[in-house]
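Note that these values count all heavy atoms, side chains included, but never hydrogens, waters or copies made by symmetry.
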Amino acid sequence: MAATITPIDSERDRKRRLEDHDHGSGRRPPNDKNDKRTGGGDDGDNWNNRPQGRRGPREKLGRYRLAIFFALAGDLMFFIAIVSAFFVSQASGRYDAYNNYINQWLPTTVPPILWLNTATLIISSATIEIARRRMFQETHAMEEWLGIGKPTSKRAIPWLTATIVLGLLFLTGQWLAWNQLHLQRVFMRTNPSSHFFFLITGVHAVHLFLGIAALMAALIGLYRSRQLENRQILVDCSAWYWHSMGIFWLFLFTLLAFFQ
Amino acid sequence: MTPQPGTPISNPSAIIPKRARRVFTTDHHTIGIQYLILALVSVIIGTTLSLHMRIHLSWPQLNIERILPGSYLAIMTVHGTIMLFFVLTTAPQSGFGNLILPAQIGARRMALPLINALSFWLTALALVILCSSAFTDAGSPLSGWTAYPPLSAVASAGPGQGLGLDLWLFSIAIFGIAATMSSINTLVTIIRFRCEGMTWDRLPLTVWGWFTAALLSILAFSVLLAALVLLFCDRHAGTSFFIPTGNLVNGVIHSTSHPGNGSPLLWLHLFWFFGHPEVYIAILPGMGLTSMILANFSRRRVFAYRTMITTTLLIGLLGILVWGHHMFVAGLSPFATSAFSISSIAIAIPASAKVISWLATTWRSRPHYTTPMLFALGFVSLFITGGLTGPILAQPILDQYLHNTFFVVAHFHLIMAMSGIFGLFAATYYWFPLITATTTKPGRLMSEALGRWHFWTTLIGAYATFIPMHLTGLAGEPRHYSQLAGIPNAAGQLIANLRPLNSFITHAAIFLACAQIFFLVNLVKSLKNGAVAPQNPWHATTLEWHPSLATNSTVAASNEKIAVYRSPCEYMGPEPESFLTQWDTDSPIHSNRE
Amino acid sequence: MTHRSIHHAALLANPWNLPANASAHGPALDHHLLLNLWIALALLTLAHLILLIGILVRRRDAGPAPSAVWRIEYLPLAALAILFAALTVRAERLWADARYTGADPAALQVEVTGMQFAWYFHYPGSDATFGTTAPQFVAPGEGNPVGIDPTDPHSPDDFVTSELVLPANREVDLRLRAQDVIHGFSIPEMRLKQNAIPGQTVHIHFTPTIPGTYAILCTQLCGTGHFRMNANLRVLSPADFITWLASKQKAATP
């Protein structure tokens, strides 16, 4: 019934956009050669000269990228809030009953395995970038769009899988780091610094779980989704998310390792 | 029902039952209506709770607390949380945002339909979780919507601070995630889906309101989420972010086994960094709509259109720099207090600019007094009245006397709650034809006679309820007191002196709530039997009234290219009225209305 | 009937319903508050007059020309900005006087502790030094609600009351503390308000001027008993205060 309430819903009626060369397998997909020629013409911001419905092959991709960008901006604020709390807690002491200044912040020594984990995450960023670029290689993308096999997806799958494995390795490494600290009798509740160590690694791990879920969704999408454009968007957006989590981790790790 | 001719039949989700498809839809119009229904349910709950509080205060002998579960403070917490989050954030931003925003920028849908639907159902889930807290053993939390620790961090600090507060935390966290998703959708839609010719300075001011509010949502709700995570860890993971060392609650010393540098003030900073933008999220769309409605019925251009765009953004920007004014007497350093005081008073400048523009737009225009126009004028009046006490409260030396008195309650109820709700009423009366139209049925208008009754009774009720609160506040009556009788010591006399005024406030509040019956009757009547709305009944110029963007447009019309050629509100000349809609290519339409 | 007419007369004399002031800094604060309220009322009236005249007096035309934006929008805006700036400067100066500096070293010291749901007032006694307090010593049943350390040499002469007793015309330095949750320490007649935060000690100082009994309220939501968390402030003449202090001192010293 929803369909009859709004027959104008352009997403559901799967209307073929002939002006975008859609012959049944979706519109012309974006590729790494049409980067500079977006917006359905050579116009920059001139909306008056930009017919609706022809906003170029990167229109849908751009929309989802913008959405992921705003989501990541919000996420950045989330981490900024936690990092501010980190610095506030670190700097704040109190005077006890006998007028001694007390600051219970005992720096948590970062377990060495975190260096290994960081390296794993950097490598995983490289693998996902390779997978992402392979989705947009012009000749393969055009072949796939015309229905001659699925060369881009096939060439991206191994790298995507590698990223998932590396991500899981990173999370296992983090779990090992927590275990090592527990063996040293350092728990989340131990002191203000350990509160933040476990909190920061914990919320980052939750974000990586979401990232791995997104990568798996992209992987399933590569097998199941029928439109190349959708496959590209899935891989592209999860890649940007993954990169951001990598960069966030580098900052958080620097904070934990050098600014305690 | 049989599908309309021309309706695409090849629906991939054809296996899903029709009824479920109608409910779990990704169609922005339906989601908008679902949001409005959710807000209507919430506002009814919230109003009932506020009446309950007033009656409990004024006539304790009625023992009204037997009727609803939970104590006065629990009811106050749920009232605040529901009204702020589920009414004032949800209805303007997500409700009317979904219904009207795409059409106003010349688009036929929102950018991310699936995210949109998901965000609605998460919001509904959050509401259910919040309400469920009332039915736990100890009831809802009693720490207010601001949940200051350690009251909120230690479960033994009061009834409802255990499971009740956990449910509150989950509810607000889920709501925050949903609101962020909805805001991302709004932003992407506005940036990417504007039709041909819809440049940024041609965007209607309502769209600017939604845009700024969405930007604020993304910044603010993330910080709230971080604060909620920290609070949750304090409650359940043994940390002490907010619990200071040696905190003795109910005879038990907390946070000595795991000593910390915890500071309750850290929560205040994080919470108000979210909380202050939050109140602008609630009011900015209403400000934009008021500008457009005033211009529409005055048949004028909006005076100083670009200034209005700038001030909208400026209010948003300043809104994230003023959180400290909630903490003037909360232990903030006196120097930081001075800085926050200056930034807070600075907001008076863009807000005054808006008022001046509204006054200039209507100046000697003799507007058409339709119900939406009346509510927009009411918005201006309440915004002025509530706004003028803002600079008073922004002066720390005066806040030292007025903080947490009923003066503050009066201030924020007038400027946020009443203005916000007047904006929502204006939107409902104005856009009712677009809300009710379906492919098979035409849009309907609400009854003007009932609308006028509704407006005057609501305006009188609002002023009668909240103006006396300024006086009880100036006399020193604090907020959050669950009873006004039987208070020991000299304070008893101070509060007892105010009983006549408080009794008047309760009567006025009951009157204000009863006035809403006009609205509910009007709503029910007009849904079925309202006058059939003509195309563009208000002679508006914005795109939501474009014939082929209307919900009941034909399939053929839906393929029409939408383009915009001019700014909104191009009204010219006195009589006969002539105006150019945004999609008019050239000559003005001469109407012979009246 | 007489009660009502007295009420009306009071309303005329004090239209804004402020309670009587009994502090040294109060008159300046009241003056500034009343100035603000009258300005707000005047602006409210002015804006509503413009609104009403604007919508009731007929002259339908295209509205003010956009070129008039400087005259109509920015000129009044500049005037308002100057007005608000002037009020801010006045307010900040009063705030600086009240808060930027600490109390006079000769000021009377009292430690105020808020807990669910009572205020306690800890006087340092004859040695003018507070005995140390710690949460583990808190024992309301044994007459030690604020947790004074009995082993501390400064403790024995300290005494704790449940009403705040102060001499008139002498500055007092209050140390605000909270045991459990955030409380709000407020004395409307002293035009004073400051939150007490667990884990911190906040100083505020003021000078009561008029002897009498005043209400001390809690103004920060602190739990179910928030409404009944209050105490009395008794301001005595200096002579009466010395007598009161001596009697308390005597009771405290064994």
Is it the backbone or the side chain of [X] that comes under 4.5 Å from a heavy atom of chain B, or both, or neither?
{"X": "C/Ile187", "value": "neither"}
{"X": "C/Ile197", "value": "side chain"}
{"X": "C/Gln116", "value": "side chain"}
{"X": "C/Val138", "value": "side chain"}
{"X": "C/Glu73", "value": "both"}
{"X": "C/Tyr74", "value": "side chain"}
{"X": "C/Gln194", "value": "both"}
{"X": "C/Ala40", "value": "both"}
{"X": "C/Gln136", "value": "both"}

Given heavy-atom pairs under 4.5 angstrom as the criterion, report whether the side chain, backbone, both or neither of [X] touches chain C.
{"X": "B/Ile345", "value": "side chain"}
{"X": "B/Leu498", "value": "side chain"}
{"X": "B/Ser143", "value": "backbone"}
{"X": "B/Leu494", "value": "side chain"}
{"X": "B/Met327", "value": "neither"}
{"X": "B/Ile495", "value": "neither"}

Any idea which of B/Thr405, B/Leu265, B/Asn250, B/Val154 has the most non-hydrogen atom pairs under 4.5 angstrom with chain C?
B/Leu265
For the residue pair C/Tyr100 and B/Phe335, does the interplanar ring angle fall in the parallel (under 30°), tilted (30 to 60°) or perpendicular (over 60°) class?
tilted
Using a 3.5 Å distance criterion without hydrogens, assess whether the side chain of C/Trp16 forms a donor-acceptor pair with backbone atoms of B/Leu474.
no
Does anything in residues 28-36 of chain C reach chain B? List residues with heavy atoms under 4.5 Å apart, or say none.
C/Leu29, C/His32, C/Leu33, C/Asn36
Any donor-acceptor N or O pair under 3.5 Å, side chains B/Ser381, C/His48
yes
